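Quick notes on the structure that follows.
Only a predicted model underlies this, so the values are computations on that prediction, with no experimental measurement involved.
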Amino acid sequence: MEADPPVVIEEANRLHFPVLELPYEFTFADQMNALVEAEIEKSTRKLHDALDKQKSLMRFAMQPGDSANHFQRIGDILSYPIVIVGARGQILYNTCDWPEAEVLKDWPWNPKFDKSRSLSGWRCTIPLIQDGECCGFLLVMPRHATIIQEEEGLFHQAAEILSFHMDRFQDERQSVSGYRWSLVLERYLQKRITPEQFLEQTRALRQNVRDCAYLCVKTAIYPESPGEDAPHKGLRKIRRELMYHPYLSPIGSHHLFVGSEMVTLFALPAESRELSVPDFVQRIVSALEEVVGSAPSPGYRCYVSKPKLKLADILEASDECDHAKSISERLSFGRAVTLFSDLELNYVFRHIPRDILAGYSDNLLLPLLAKDEEYRAEMLKTLEAYMANEGNVNETAKELFVHRNTVLYRLEKASELLRIDLKKMSDQLQLKLAMLFRQLAEAEDGAS
């Protein structure tokens, strides 16, 4: 082996660098080849790992299996700690050891991809998008930043799969147990399990059944509404508006899709001192009227049950919503929100023969029915609105788009013509029954 040049030894001494003599020649080319081969082997191994993960994600997308384990399976495939955050900032699933305050730092987040580093490590945040709306976020916590660059495509693919399944795992649910309770509730509303089984399974998932006032609401699109090819998309928007509505902040709610309808169960705990049961119902009705009134399609209708004080009675509440829908469609009601309590008399009297209904109605309304068609129609419309608004003149005027004095004038003339006193409860009841029986008789004539 040749001796080292003197200039090299002098420079090494000056810099206090050791000079090592190798027992054999080792060229620079050999070093480069070894480094390249090691890098190729490392990149190939990473590529194989990424392909394996991608194949696993594709298999999961095609055969998801048990929906209660979707989050766990995605985390197992990615092989990193993950967090699933719902649209309201609730943690739905978490396998990382970060403090919750650090996970949710700077909430609410913009629905866009982001990678950042905090005290606990790196995080990659991917929004979960459904129909152009953000329904949550997938957070992945890799060991270092290079992993984000190498596997960012996989993270986006996992987020797309999760977004699809978030349609079933709705963003208002707080946990997997909440999702499972929705399945129990759906089976109960479809009458596939008994009340005893429903309560037993509810206790198994929720530990206890609190005393609450419950209200069931069914939201559907009116069958004759044109141009609505994706009713569930509109229903999801209505659900989201209800979840965030300020009127409903002290009221618990649970939403699920059954067939082409959205079923919403509102619950007011018995120990709540902020709201009485009538206020509870009124707040929900007001919020429904506002939300459905601003829906993208005018065809959505809400049907509201009477309040129930036992959880098992929500099946009866569900049936009341169905009855309200049936009666509304039969009588061609155009209201966005219909309460079963407003139609309960229709439900009770539905089996009375048509001639008896028409006879009672005609006897009371005969003086009015004898008038000319324009006058008769105007007065009947005013009386119907007056009865529907529980005798509230201001609400009646608002519904008819007239001044309240106009309503008072028409009511006075109707009272004189029909020889009734609308200040008396008995006369109001007579008129209400006459108007109701007239509607039922006309509905039977239309059906035949």
Candidate pair Ile82 and Ile84, rule side-chain contact (heavy atoms from CB on, under 4.5 Å), full reasoning: CA-CA 7 Å; Ile82 67 169; Ile84 311 294; 4.3 Å; yes

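- In this structure, Tyr360 contributes its side chain and Leu433 its backbone to no donor-acceptor pair below 3.5 Å.
- Annotation: side chain of Leu199 is in contact with side chain of Arg203 (closest heavy-atom distance under 4.5 Å).
- At least one donor-acceptor pair under 3.5 Å links the side chain of Gln197 to the backbone N or O of Thr194.
- Here the side chains of Trp98 and Ser118 are in contact, with some heavy-atom distance below 4.5 Å.
- For Glu200, the CD atom is loosely surrounded, since the number of other residues' heavy atoms within 6.0 Å does not exceed 12.
- Tyr80 and Glu151 form a side-chain donor-acceptor contact under 3.5 Å, judged by distance and modelled atom types alone.
- Asn392 has its side chain out of reach of Tyr386: every pair of non-hydrogen atoms, C-beta onward, lies at least 4.5 Å apart.
- The pair Glu316-Lys308 meets the salt-bridge criterion, since a charged nitrogen lies less than 4.0 angstrom from a carboxylate oxygen.
- A pairwise comparison of heavy atoms in Arg236 and Phe257 identifies CG-CZ, 3.6 Å as the closest pair.
- Using a 4.5 Å heavy-atom threshold, the side chains of Val184 and Ile193 count as touching.
- Minimum interatomic distance between Gln428 and Met387 (heavy atoms only, all atoms of both residues): O-SD, 3.9 Å.
- Nearest heavy atoms, Val217 versus Cys302: CG1-CB, 4.1 Å.
- A donor-acceptor contact shorter than 3.5 Å is absent between the side chain of Thr338 and the backbone of Ala324.
- Here the CD1 atom belonging to Ile284 is positioned 9.5 Å from the CG atom belonging to Leu242, to the nearest 0.5 angstrom.
- Counting heavy atoms from C-beta on, the side chains of Pro307 and Leu215 come closer than 4.5 Å.
- Closest approach of Val263 and Cys216 over heavy atoms only: CG1-SG, 4.0 Å.
- If you take CZ on Arg410 and OH on Tyr375, they are separated by 9.5 Å, rounding to the nearest 0.5 Å.
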Tell me, with the steps shown, if Thr382 and Val402 meet side-chain contact (heavy atoms from CB on, under 4.5 Å). CA-CA 10 Å; Thr382 301; Val402 297; over 6 Å; no

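- Under a cut-off of 6.0 angstrom, the local environment of OH in Tyr409 is sparse, with at most 12 non-hydrogen atoms contributed by other residues, nucleotides or ligands.
- Checked for salt-bridge contact, Lys325 and Glu261 meet the test: a charged N lies under 4.0 Å from a carboxylate O.
- Using modelled atom types, one finds a donor on one side chain and an acceptor on the other under 3.5 Å when comparing His254 with Ser182.
- Rounding to the nearest 0.5 angstrom, the gap separating the OG1 atom in Thr264 from the NE2 atom in His255 is 5.0 Å.
- Using a 4.5 Å cut-off on side-chain heavy atoms (C-beta onward), Arg438 and Leu365 make contact.
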Between Phe71 and Thr95, does a side-chain contact (heavy atoms from CB on, under 4.5 Å) hold up when you go through it step by step? CA-CA 10 Å; Phe71 297 163; Thr95 60; over 6 Å; no

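- The environment of CD in Glu374 is sparse: at most 12 heavy-atom neighbours from other residues, nucleotides or ligands sit within 6.0 Å.
- Under the 4.5 Å side-chain criterion, counting only non-hydrogen atoms from C-beta, Thr406 is not in contact with Leu408.
- Remark: side-chain polar atoms of Arg376 are paired, donor with acceptor, to backbone N or O of Lys371 under 3.5 angstrom.
- Within the model, atoms CG of Leu268 and SG of Cys212 stand 7.0 Å from one another, a figure rounded to the nearest 0.5 Å.
- Here the OH atom belonging to Tyr303 is positioned 9.5 Å from the OG atom belonging to Ser326, to the nearest 0.5 angstrom.
- When all heavy atoms of Pro195 and Ala312 are compared, the closest pair comes out as CB-CB, 4.4 Å.
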Go through the steps for Asp319 and Lys191 under the test salt bridge (Lys or Arg N to Asp or Glu O under 4.0 Å), then give the verdict. CA-CA 11 Å; Asp319 289 341; Lys191 302 180 182 178; 3.7 Å; yes

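- Aromatic ring centroids of His156 and Phe113 lie under 6.0 Å apart.
- Although no hydrogens or angles enter the test, the distance criterion places no donor-acceptor pair under 3.5 Å between the side chain of Glu186 and the main chain of Val258.
- Remark: the Arg187 side chain and the Gln201 side chain contain an N/O donor-acceptor pair separated by less than 3.5 Å.
- Glu102 places a side-chain N or O within 3.5 Å of a backbone atom of Ser120 that can act as its donor or acceptor partner.
- Pro278 is not listed as a side-chain neighbour of Val281, based on a closest heavy-atom distance of 4.5 Å or more.
- Looking at Thr125 and Lys115, their side chains never bring a donor and an acceptor atom within 3.5 Å of each other.
- Under the 4.0 Å criterion applied to side-chain N and carboxylate O atoms, Lys398 and Glu395 are assigned as salt-bridge partners.
- Leu411 contributes atom CG, which lies 11.5 Å from atom CD of Glu416 (distance to the nearest 0.5 angstrom).
- With a 6.0 Å cutoff to the six-membered ring centre and a 45° limit on the axis angle, Arg123 counts as a cation-pi contact of Trp109.
- In this pair, His323 and Phe340 present their aromatic rings tilted. The plane angle is within the 30 to 60° band.
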Candidate pair Ser318 and Lys218, rule side-chain contact (heavy atoms from CB on, under 4.5 Å), full reasoning: CA-CA 8 Å; Ser318 174; Lys218 289 191 176 181; 2.9 Å; yes

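- Here the closest heavy-atom approach between residue Ser305 and residue Glu320 is recorded as CB-OE1, 3.5 Å.
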